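Structure record follows, encoded as structure tokens.
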Amino acid sequence: MGEAQEVQPHIPGQEAKEGTPTEHSNVANQPIALQQKNFSWWLRIAIFTFFLLAGQTVATILGRLYYDKGGNSRWMGTLAQTAACPLIFLLYFISPLNNPPTKDINSNSPSTLVLLLIYIIFGAFLAANSTLYSLGLQYLPVSTYTLICASQLGFNALFSFFINSQKFTPFIINSVVLLTISSTLLVFHNDSTESKHVSKRKYVIGFTCTVGASAGYALMLSLVQFCFRKVLKQENFKVVLDMVFYPSLVATLAILVGLFASGPWKGLRRDMEEFELGKVSYMMTLIWTAIGWQVFNIGSIGLIFEVSSLFSNVISTFGLPTVPVLAVFIFHEKMDGLKVIALVLDMWGFVSYVYQHYLDEHKCKTEINNVCE
């Protein structure tokens, strides 16, 4: 994937590439153990990828459905992105994911105060970012919203270069440029043909908030990766769950304070009564939106832990084209020429990055074979 070696300590075979001569000998003498580790690693990658893609698609579609059918509270849309964090406790007991810790990268674990500061900072960051995403989803068609969100891969590549020692190759640069252009094209998109009309001012606000949220989320992913490698320094799934649960809990509390302190909670009953699909559908829409976002977060953070923040963003970008296609059938949005061009550029940028990953994987396997021989 064109990344520095220290950013990918969990890629199968990476230990052989980075180890001492003694470790090289161990790899050569234990091919069965290596195969078992490869299978376990790929299983976790497959599970996290499924969580990310399924959660992202369901949460985005239902989040837009809330606004499309009469929901008007951006606070509820924001709260739905973090409120289901208590469900994460169930995952502490799922054995296929909760692999035992193999080692500490460094025996000096961070203090409780350091962990508390990390969770509070990321939680505040998540609350602000969720608010921006909620505004973007409220004012933009879901197809436009998801295509703009693809720009976070470009932002993440930039932040990873400075924070995570990400290497830039021609294919990664090409991917970043294409994704940036595809998002920029949507600035000139005419919103008049969409199912839900908004003013030009609100469209600009929604566009700006979505771009800002994409940049903020990309920065947060890079910082999470930095914390995994340089601060937390542990290799077990509990660390992943902690990084999802505690910031989400802090963000939920912050959003609830904002909701009750600013007064919009007084209009929640009316918001429920005016929902076109009824009160039960109103609650189920918000509940499943919240669950979808937590499933997405687990998959996203898990892929950061196993590979890198940039890889997690690439998988997220891969799933984005699903949402605009579904929006055509669910919300009757129009896929005009400009959106199609943006979608093609998104896919081109994604394929460019995946090809770089293929080249790196092929090089890694070649080096492992040379060591085994």
Side-chain angles (χ1 to χ4, degrees), residues 52 55-56 59-60 63-64 66-67 71-86 88 114-140 145-146 148-156 158-160 162-163 183 201-228 231 242-265 268 286 289-290 292-294 296-298 300-301 304 309 312-313 316:
L52 187 153
Q56 174 180 259
T60 304
R64 181 56 193 174
Y66 167 75
Y67 290 117
N72 291 307
S73 174
R74 68 175 63 101
W75 283 102
M76 291 303 296
T78 303
L79 184 63
Q81 298 181 44
T82 62
C85 58
I88 295 175
V114 171
L115 289 176
L116 185 62
L117 288 175
I118 289 174
Y119 297 145
I120 290 176
I121 291 172
F122 279 127
F125 209 139
L126 181 61
N129 229 47
S130 297
T131 302
L132 292 177
Y133 272 131
S134 182
L135 283 169
L137 195 56
Q138 182 178 11
Y139 292 146
L140 295 178
Y145 168 85
T146 52
I148 295 174
C149 285
S151 66
Q152 72 188 32
L153 179 57
F155 287 118
N156 190 227
L158 180 63
F159 293 133
S160 294
F162 293 103
I163 299 175
S183 298
R201 175 177 170 273
K202 289 183 176 180
Y203 182 89
V204 172
I205 292 174
F207 180 90
T208 304
C209 288
T210 306
V211 172
S214 298
Y217 185 69
L219 175 59
M220 188 169 69
L221 291 185
S222 295
L223 292 174
V224 167
Q225 181 181 338
F226 178 83
C227 286
F228 278 147
V231 182
D242 289 344
M243 187 57 78
V244 177
F245 173 72
Y246 291 112
S248 295
L249 180 61
V250 172
T252 300
L253 294 176
I255 294 168
L256 285 174
V257 169
L259 173 64
F260 288 102
S262 57
W265 62 273
L268 294 182
L286 291 175
T289 300
W293 280 124
Q294 289 308 307
F296 165 79
N297 286 335
I298 292 169
S300 177
I301 301 298
I304 294 174
S309 62
S312 178
N313 244 326
S316 178

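Here the structure is a predicted model, which is why all the values come from computation and not from measurement.
To the nearest 0.5 Å, atoms CD (Gln81) and OG1 (Thr252) are separated by 10.5 Å. To the nearest 0.5 Å, atoms OG (Ser312) and CG (Leu221) are separated by 5.5 Å. Between atom CD1 of residue Ile118 and atom CG of residue Leu223 there is a gap of 10.5 Å, rounded to the nearest 0.5 Å. Note that the CG atom of Leu259 and the CG atom of Leu79 stand 7.0 Å from one another [nearest 0.5 Å]. A distance of 12.5 Å separates CG in Leu219 from OG in Ser214, rounded to the nearest 0.5 Å.
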Intermediate values then yes/no, side chain to side chain contact (heavy atoms under 4.5 Å, CB included), Phe228 and Ile301:
CA-CA 10 Å; Phe228 278 147; Ile301 301 298; 3.7 Å; yes
Evaluate the criterion side chain to side chain contact (heavy atoms under 4.5 Å, CB included) for residue pair Tyr67 and Ser134; output intermediate values, then yes/no. CA-CA 10 Å; Tyr67 290 117; Ser134 182; 2.6 Å; yes
Show your working on side-chain hydrogen bond (donor to acceptor under 3.5 Å, both in side chains) between Thr78 and Ser130 and close with a plain yes or no.
CA-CA 5 Å; Thr78 303; Ser130 297; over 6 Å; no
| request: Decide side chain to side chain contact (heavy atoms under 4.5 Å, CB included) for Cys85 and Val244; before the verdict, give the C-alpha distance in whole Å, the side-chain angles of both, and the deciding distance to 0.1 Å. | output: CA-CA 8 Å; Cys85 58; Val244 177; over 6 Å; no
Is there a side chain to side chain contact (heavy atoms under 4.5 Å, CB included) between Phe122 and Cys227? Walk through the geometry before answering. CA-CA 11 Å; Phe122 279 127; Cys227 286; 3.7 Å; yes
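A pairwise comparison of heavy atoms in Gln138 and Asn72 identifies NE2-O, 3.7 Å as the closest pair. Shown here for Ala127 and Ile255, the closest heavy-atom pair between the two residues is CB-CG1, 4.1 Å. Pairing each heavy atom of Asn129 with each of Gly216, the nearest pair is OD1-CA, 3.6 Å. Of all heavy-atom pairs spanning Ser222 and Phe159, the tightest one is OG-CB, 3.5 Å. Among all heavy-atom pairs drawn from Gly63 and Leu137, the shortest one is C-CD2, 3.6 Å. Smallest separation of non-hydrogen atoms from Ala251 and Thr82: CB-CG2, 3.9 Å.
Without hydrogens or angle criteria, Arg74 side chain to Thr131 main chain gives no donor-acceptor distance under 3.5 Å. Remark: the backbone N or O of Leu116 is not paired with any side-chain donor or acceptor of Tyr246 at under 3.5 angstrom.
Thr60 and Tyr133 share no donor-acceptor pair across their side chains, judged by distance under 3.5 Å alone. Side-chain polar atoms of Ser300 and Tyr217 form a donor-acceptor pair below 3.5 angstrom. The closest side-chain donor-acceptor pair between Ser316 and Gln56 falls under 3.5 angstrom.
Between Tyr203 and Phe207, the angle of the ring planes stays under 30°, which puts this pair in the parallel group of the 30/60° scheme.
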